[in-house]
**Q** 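Could you have a look at this structure, given as structure tokens, before my questions?
Bear in mind the structure is a predicted one, so any value in this text is a computation, not a measurement.
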Number of protein chains: 2
Amino acid sequence: MKTEIRARIETGEWPVNHRIPSENELVDTLGVSRMTANRALRELANEGVITRVQGKGSFVAPKKRSALALGVRNIADEILERGAVHRMDLILAQAETCGHELAAALELDIGAQSFHSVIVHNEDDVPIQLEDRFVNPAVAPDYLKQDFSRTTPNAFLTSIAPIAKTEQFIEAVLPQPWECKLLAIARSEPCILIRRRTWSQDRVVTAVRLLYPGSRYRLQSNF
Amino acid sequence: MKTEIRARIETGEWPVNHRIPSENELVDTLGVSRMTANRALRELANEGVITRVQGKGSFVAPKKRSALALGVRNIADEILERGAVHRMDLILAQAETCGHELAAALELDIGAQSFHSVIVHNEDDVPIQLEDRFVNPAVAPDYLKQDFSRTTPNAFLTSIAPIAKTEQFIEAVLPQPWECKLLAIARSEPCILIRRRTWSQDRVVTAVRLLYPGSRYRLQSNF
DNA sequence: AAGTGGTCTAGACCACTTA
DNA sequence: AAGTGGTCTAGACCACTTC
């Protein structure tokens with residue numbers, strides 16, 4: 001119900017400022033009760049997908065501008081722009097069963113399958129990002145078949161599933177022992193940790209932890 | 001209804017991890033229907049105020065301390081929005097002579113005067129941000145006369161000089177000994193460091209270092 | 001078995017907008 | 001006056017957790 005409306009908006013079937021069927025119309029056409037239609041539209045409004053005006057109707061909201069310097073960038077592009085050489089070391093790529101936390105992060109059922117990849121990104125042979133990623137198989141069934149020495153997970157995923165929403169947290173943490181090994185840093189070196197989830201058409205595409213050594217990387221945003 | 005529950009949580013009447021009355025209990029005690037109680041709890045869960053587990057119950061969630069990574073926000077507003085108490089401790093406020101680096105940062109001449117303030121921002125008496133700020137006297141000649149127990153530097157500066165441009169770097173660092181003391185953290189605790197400069201009408205208004213303990217604060221950006 | 005949250009239906013009253 | 005969203009009640013079935 002809610003996802004059907006969102007799909008119509010993301011596919012462009014209902015363009016910006018298009019008038020969305022009223023709650024009563026949705027009751028008739030979709031065969032749901034008004035409370036259900038109301039809840040769906042109310043939640044879409046809270047997410048900023050639509051705007052609602054009492055007495056007038058509901059309308060597709062203009063897309064939020066996004067991705068300043070802190071947006072979702074491909075680390076490979078970043079490195080190449082600096083004129084350096086980018087190399088990926090594939091540490092792990094396998095299917096795994098969702099535990100409690102992972103299931104919640106990917107919005108899947110506990111016990112469902114997920115794809116797990118761990119990759120170290122090097123800039124001029126210096127480890128600069130540890131990418132620990134879980135992928136929703138329903139969105140990217142061929143994920144594990146990719147050649148991760150050539151295509152970044154980011155590039156592959158954005159090519160098959162346009163990003164509709166991003167949730168991102170930035171923290172400062174101390175690395176775990178195994179992370180220190182992979183990044184070739186000391187245990188006492190503070191790191192930037194970015195935890196990011198991306199959605200496409202109301203499904204979680206991927207949940208990723210990006211770990212950067214504090215001495216080798218910083219985030220920049222100018223506006 | 002929703003606000004009553006939120007009030008009980010914010011006043012500490014229901015502490016973290018406290019079990020919240022079930023939907024049916026709220027129906028009886030507050031005299032609302034179950035749909036209303038359900039909606040209130042569902043929305044509080046979406047806001048991260050409570051967590052819900054099917055079959056078990058609803059519980060007060062640990063306080064989130066996160067902020068938008070994009071854009072310059074006033075730490076005081078952030079804290080107040082979370083329903084906490086904001087307090088500033090003024091550590092230092094004086095005029096200083098620009099050295100080489102500072103002159104470059106403020107785009108002033110070496111030997112020119114600048115204003116320097118150091119403030120610890122507390123959320124519910126917990127130090128959460130160390131603000132080490134230099135201000136261009138040409139833009140804010142009255143800066144040192146402000147009452148920094150009432151108005152934040154951010155609020156004062158934005159009121160007299162609208163921000164035209166911002167440059168911002170985000171890093172992970174280990175704190176200096178004197179910073180550890182002011183923030184009441186261990187030397188090994190990684191911190192988020194934001195270095196920010198803002199311009200108004202082509203002049204640098206201020207250059208500021210914002211240091212957040214990694215365990216108490218994270219940046220958030222959704223788009 | 002009893003209690004919990006997750007979800008839905010059917011019906012109602014209100015405030016607001018448009019005509 | 002008719003249609004819109006805003007909100008609420010009352011009742012129901014389901015999946016899950018705990019005892």
**Q** Which whole-number value in Å describes the distance from A:Arg42 CZ to C:dT7 P?
**A**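 Distance check: A:Arg42 CZ to C:dT7 P gives 13 Å.
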**Q** What distance do A:Ile170 atom CD1 and B:Arg218 atom CZ have between them, rounded to the nearest 0.5 Å?
**A**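 The CD1 atom of A:Ile170 sits 11.5 Å away from the CZ atom of B:Arg218.
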**Q** Does a nitrogen or oxygen in the side chain of B:Ser58 sit under 4.0 Å from OP1 or OP2 of C:dG5?
**A**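 Yes, such a contact exists.
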**Q** Atom CG of B:Leu41 to atom C1' of D:dC8: distance rounded to whole Å?
**A** 16 Å
**Q** Give the C-alpha distance, both sets of side-chain angles, the deciding distance and a yes or no for ring-ring contact (aromatic ring centres under 6.0 Å, His included) between A:Tyr143 and A:Phe148.
**A** CA-CA 10 Å; A:Tyr143 180 69; A:Phe148 290 121; 5.1 Å; yes
**Q** Between A:Glu25 (CD) and D:dT4 (C1'), how many Å, whole number?
**A**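 Rounded to whole Å, this separation is 10 Å.
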**Q** Pick the nucleotide of DNA chain D nearest each of B:Gly31 and A:Glu23; which residue has the one closer to the 5' end?
**A**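 Checking each residue's closest nucleotide, the 5'-ward one belongs to A:Glu23.
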**Q** Quickly work out the B:Arg19 CZ to D:dT18 P distance and round it to whole Å.
**A**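 From B:Arg19 CZ to D:dT18 P: 11 Å.
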**Q** When both hydrogen-bonding distances must be under 3.5 Å and the geometry is Watson-Crick or G-U wobble, what is C:dG5 paired with, if anything?
**A** D:dC14
**Q** Rounded to the Å, how far apart are A:Ile20 CD1 and D:dG3 P?
**A**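 Spelled out: CD1 on A:Ile20 to P on D:dG3 is 20 Å.
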**Q** Tell me what B:Ser22 touches on the nucleic acid: a base, only sugar-phosphate, or nothing, going by heavy atoms under 4.0 Å.
**A** sugar-phosphate
**Q** Nearest whole Å is fine: how far is C:dC8 P from B:Asn38 CG?
**A**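 The answer, rounded to whole Å, is 11 Å.
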**Q** For B:Arg39 and D:dA10, give me the distance from atom CZ to atom P, rounded to whole Å.
**A**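 Distance check: B:Arg39 CZ to D:dA10 P gives 17 Å.
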**Q** Rounded to whole angstroms, how far apart are CD on B:Gln54 and C1' on D:dC16?
**A**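 To the nearest whole Å, that distance equals 5 Å.
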**Q** Between A:Ser33 and C:dG11, does any side-chain N or O lie under 4.0 Å from OP1 or OP2?
**A** no
**Q** Between D:dC8 and B:Arg34, is there an OP1 or OP2 to side-chain N/O distance shorter than 4.0 Å?
**A** no
**Q** Closer than 4.0 Å, any side-chain N/O of B:Lys56 to the OP1 or OP2 of D:dT18?
**A**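 Answer is yes, contact under 4.0 Å.
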**Q** Decide, yes or no, whether a salt bridge links A:Glu23 with A:Arg52 under the criterion of side-chain N to carboxylate O below 4.0 Å.
**A** yes
**Q** When rounded to the nearest 0.5 angstrom, what distance separates CG in B:Asn38 from CZ in A:Arg39?
**A**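 B:Asn38 CG to A:Arg39 CZ: 7.0 Å, rounded to 0.5 Å.
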**Q** Check this one for me: any side-chain N or O of B:Arg52 less than 4.0 Å away from OP1 or OP2 of C:dT4?
**A**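 Checking C:dT4 against B:Arg52, no side-chain N or O comes under 4.0 Å of OP1 or OP2.
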**Q** With the side chain counted from C-beta on, respond yes when B:His86 and B:Thr152 share a heavy-atom pair under 4.5 Å apart, and no when they do not.
**A**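 Yes. Closest side-chain heavy atoms under 4.5 Å.
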